[in-house]
Amino acid sequence: MASSDKLPTRAENFSEWYVELIQRAKLADYSDVKGCMVIRPNGYAIWENMQRVLDGMFKETGHVNAYFPLLIPEEYLEREKDHVEGFKPQLAVVGYAGGAPLEKGQRYVIRPTSETIINRSFAKWIQSYRDLPMLMNQWANVMRWEMRTRLFLRTTEFLWQEGHTCHETDEQAQEETLRMLDVYRTFAEDYMAMPVLCGQKTESEKFPGAVRTYSIEAMMQDKKALQAGTSHHLGQNFAKMFDTQFQGRDGKQHHAWQTSWGVSTRLIGALILTHSDDAGLVVPPKLADRQVVIIVVGKGDERTKAKEKAFALAADFKTAGLRVSVDDDESKNPGFKYAEYELQGICLRIELGPKDLEKGTCVMVRRDAERDPAGKPKKEFVPLDQAVAHAQSTLDAMQKSLLEKAKAFRAANTFEVNSYDEMKKRADDGFLLAHWNGDAKVEKQIKEETGLTTRNRPFDLKQEPGKCVVTGDPSPGRIVFSKAY
RNA sequence: CGGGGAGUGGCUCAGCCUGGUAGAGCACUUGGUUCGGGACCAAGGGGUCGCAGGUUCAAAUCCUGUCUCCCCGACCA
């Protein structure tokens, strides 16, 4: 088969590699609706695994799921000044329904996020401090009109979860905001094998209507940053606009302190951009839809025997809790299948053929195995009776190794910069840790002149005073600058 | 939204300049031979040429508009 069947390499054209990989691995497809995508079974399966894990984590931290309407009265959004200002350019509005135009005041926006409509309900449900905290989450689709879209990373409609909580005090809301940020960090690192920087966003980068916004920021393989999740302390901003009040322990009425937090199908984009290679998709075992595929090799009687073994082996894998399938399709050559399963990101490939039957072994190939100069990955010959145990330990090792590799990559592409010149020179080099005086105008100037934006001020970055790289003004500590998605 | 590129069977593209009844490779279907890194032979199926107007006896081809995708910017998860 010709080279046209290969993906463009990351070095050749990173964007094209990304787009083609998604389509060839059958993760998603374009639709006829501008800016919207179809998530195909291979992609949706990853999302389902993410949902399952995250939902479990939300439940463990005391949250319950609910569902609120897709359509929000236009007027609700207008109540919170920053909120409407922030979202106005991205709204899709329903202005025609039931066969007739809707008057202003009757129109609906398709939710870009649900703080407003959820507060209408919270206001009814909360009377006393005894009703608090109220810890809720919804899995939903949202719509934000975008100028430029990219599969998974930015689409007009996307799937996400949005957590919304109410608390008695500022401190409790703050705790919740950070607790959920930490849940996101755990998920990113332990499941996605994607290291993230947890920290606070600047004023200009915060959520419209929030008091403070925190984010997890990851570094993609092209060294650009990706905001992978956000957690907001909303203060009493929405509570005041929607009268979300409770009678406190002091007998007086108080507005609730609120938080909201979300991650979206963008995480799938993050996963791809973090781990995948020139052969195709790489998915960490914990999130992979199919962890193991057993490919039957051979012909005639030998093939029949290999097939029997393969199904027996698959049954053992299933018993051990692994997600496995057998491929005994005779119309495709093994070589084709190897390439195809690499493209689709199956974590572990097992080859089972005549030579194995003779020796009582099978061949195992890790998706992230080292490759020789010809591009062939390293193969392991494993006795059949050790196959399950070996596969399990291999998948564990792969999960760890992906995280380590991503960590090393980030470390190798993170730099302290001490002058504006240096910052300009290194603009495309990754994460730049620089002093900045905190002035939004300077932040904007840097963005316009270099394309660099502030990502966040990481909690674990030691804050030592210094001088702003642009103005020379005092700076409380370094903040992360980077080009970003 | 600005600059650049592209839309022709599922995919990659030729044909367009110079209008005349739509092609190739891959993929797909069937049969056979193969099978440990993208197999081969044979026979088949599949396209209102992105969409809408216009010019013309005649439009994939010329003109106008429009939509979508890709790349580079501005806005954003």
Side-chain angles (χ1 to χ4, degrees), chain A residues 1-8 13-16 18-20 23-24 26 29-37 86-90 112-113 142-162 201 204-205 207-208 213 215-218 225-232 261-270 279-280 295-300 302-303 306 328-343 349-358 361-363 365 371-372 374-377 379 381 444 447-448 451 453 483-485:
Chain A
M1 208 142 327
S3 59
S4 64
D5 287 313
K6 291 204 170 114
L7 280 173
N13 188 336
F14 197 81
S15 304
E16 222 171 279
Y18 175 75
V19 168
E20 273 216 34
Q23 294 185 89
R24 301 264 299 270
K26 299 187 171 73
D29 200 1
Y30 291 106
S31 79
D32 291 335
V33 183
K34 184 183 168 67
C36 294
M37 64 190 280
F87 279 111
K88 202 155 209 171
Q90 293 189 278
T113 180
V142 286
M143 184 163 271
R144 299 181 185 176
W145 220 254
E146 297 287 352
M147 289 174 180
R148 188 178 162 190
T149 55
R150 274 166 160 278
L151 293 171
F152 287 116
L153 298 173
R154 176 163 299 105
T155 46
T156 296
E157 181 187 9
F158 57 94
L159 306 181
W160 78 344
Q161 62 61 221
E162 43 181 326
K201 299 293 261 187
S204 53
E205 294 275 339
F207 177 76
T213 289
S215 69
I216 53 170
E217 302 277 339
L226 183 86
Q227 179 174 304
T230 48
S231 186
H232 318 290
W261 27 274
V263 295
S264 71
T265 36
R266 170 179 256 202
L267 289 180
I268 298 172
I295 298 173
V296 178
V297 178
K299 57 171 178 173
E302 284 178 327
R303 188 186 184 91
D328 68 333
D329 180 358
E330 294 193 40
S331 71
K332 301 262 191 317
N333 274 1
F336 178 87
K337 295 177 184 177
Y338 301 164
E340 191 61 23
Y341 288 123
E342 282 169 11
L343 179 64
R349 172 175 91 232
I350 294 178
E351 303 166 19
L352 197 56
K355 291 182 206 165
D356 298 300
L357 292 179
E358 247 173 59
T361 58
C362 63
V363 174
V365 185
R371 285 168 189 263
D372 66 20
K376 289 183 192 165
K379 298 191 174 188
F381 300 87
K444 199 175 165 201
K447 185 176 174 182
E448 280 166 5
T453 51
K483 297 248 174 110
Y485 275 99

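Letters A, B, ... are given to chains in the order of the sequence lines, protein chains preceding strands, and every chain is numbered from 1.
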Say we look at [N] and [M]: how far apart would their [atom1] atoms be, to the nearest angstrom?
| N | M | atom1 | value |
| --- | --- | --- | --- |
| C75(B) | U56(B) | P | 49 Å |
| U66(B) | U30(B) | C1' | 43 Å |
| A60(B) | U55(B) | P | 16 Å |
| G25(B) | A43(B) | P | 12 Å |
| A52(B) | G37(B) | P | 50 Å |

[X] vs [Y] side-chain heavy atoms within contact, under 4.5 Å:
| X | Y | value |
| --- | --- | --- |
| Phe87(A) | Thr113(A) | yes |
| Cys36(A) | Thr155(A) | no |
| Glu205(A) | Thr213(A) | no |
| Lys332(A) | Glu340(A) | no |

Please determine, for [N], whether a Watson-Crick or G-U wobble partner exists with both distances under 3.5 Å, and give it or none.
| N | result |
| --- | --- |
| G73(B) | C1(B) |
| U18(B) | none |
| C28(B) | G44(B) |
| G7(B) | C67(B) |
| U56(B) | none |
| G38(B) | none |

Which part of the nucleic acid, if any, lies within reach of [X] when heavy atoms closer than 4.0 Å are counted: base, sugar-phosphate only, or nothing?
| X | answer |
| --- | --- |
| Pro377(A) | base |
| Lys447(A) | sugar-phosphate |
| Glu217(A) | nothing |
| Thr155(A) | base |
| Val142(A) | nothing |
| Lys337(A) | nothing |
| Arg349(A) | base |
| Ile295(A) | nothing |
| Glu448(A) | nothing |
| Lys355(A) | base |
| Glu146(A) | base |

Which nucleotide wins on minimum distance to the side chain of [X], given the candidates [options]?
| X | options | value |
| --- | --- | --- |
| Arg303(A) | G37(B), A39(B), C35(B) | C35(B) |
| Ala339(A) | G36(B), G37(B), A74(B) | G37(B) |
| Lys379(A) | G38(B), G37(B), U34(B) | G37(B) |
| Glu330(A) | G36(B), C75(B), U34(B) | U34(B) |

Q) Think Asn333(A) has a side-chain N or O under 4.0 angstrom from the OP1 or OP2 of A39(B)? A) yes

Check whether any side-chain nitrogen or oxygen of Lys332(A) sits under 4.0 Å from OP1 or OP2 of C28(B), and answer yes or no.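 For Lys332(A), the contact criterion (side-chain N or O under 4.0 Å from OP1 or OP2 of C28(B)) is met.
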
Nearest-Å distance for atom pair [atom1]/[atom2], residues [X] and [N]:
| X | N | atom1 | atom2 | result |
| --- | --- | --- | --- | --- |
| Glu351(A) | G38(B) | CD | C1' | 14 Å |
| Tyr485(A) | G73(B) | OH | P | 11 Å |
| Gln90(A) | A74(B) | CD | C1' | 14 Å |
| Met147(A) | G3(B) | CE | P | 15 Å |
| Asp328(A) | C35(B) | CG | P | 17 Å |
| Lys483(A) | C75(B) | NZ | P | 13 Å |
| Asp329(A) | U34(B) | CG | P | 17 Å |
| Glu358(A) | G36(B) | CD | P | 16 Å |

So among Tyr30(A), Phe158(A), Phe152(A), which one has a side chain to side chain contact (heavy atoms under 4.5 Å, CB included) with Met37(A)?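 Between Met37(A) and the candidates, side chain to side chain contact (heavy atoms under 4.5 Å, CB included) is satisfied uniquely by Phe152(A).
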
Between [X] and [Y] (salt bridge meaning N to carboxylate O under 4.0 Å), is one present in this structure?
| X | Y | answer |
| --- | --- | --- |
| Lys201(A) | Glu217(A) | yes |
| Lys379(A) | Glu351(A) | yes |
| Glu342(A) | Arg371(A) | yes |

_Quiz question: going by heavy-atom distance under 3.5 Å, is there a donor-acceptor pair between the base of G37(B) and the side chain of Glu342(A)?_
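In this structure, the two groups form a donor-acceptor pair.
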
By nearest-heavy-atom nucleotide on RNA chain B, the more 5' of Phe207(A) and Leu357(A) is Leu357(A)

Decide if atom NZ of Lys444(A) counts as having more than 12 heavy atoms of other residues, nucleotides or ligands within a radius under 6.0 Å.
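It does not: Lys444(A) NZ has 12 such atoms or fewer within range.
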
Nucleotide by nucleotide, nucleotides 67-72 of chain B touches protein heavy atoms under 4.0 Å in the pattern (B base, S sugar-phosphate only, - none) -SSSSB

Carefully, step by step, assess Phe381(A) and Val363(A) under the rule side-chain contact (heavy atoms from CB on, under 4.5 Å).
CA-CA 5 Å; Phe381(A) 300 87; Val363(A) 174; 3.6 Å; yes

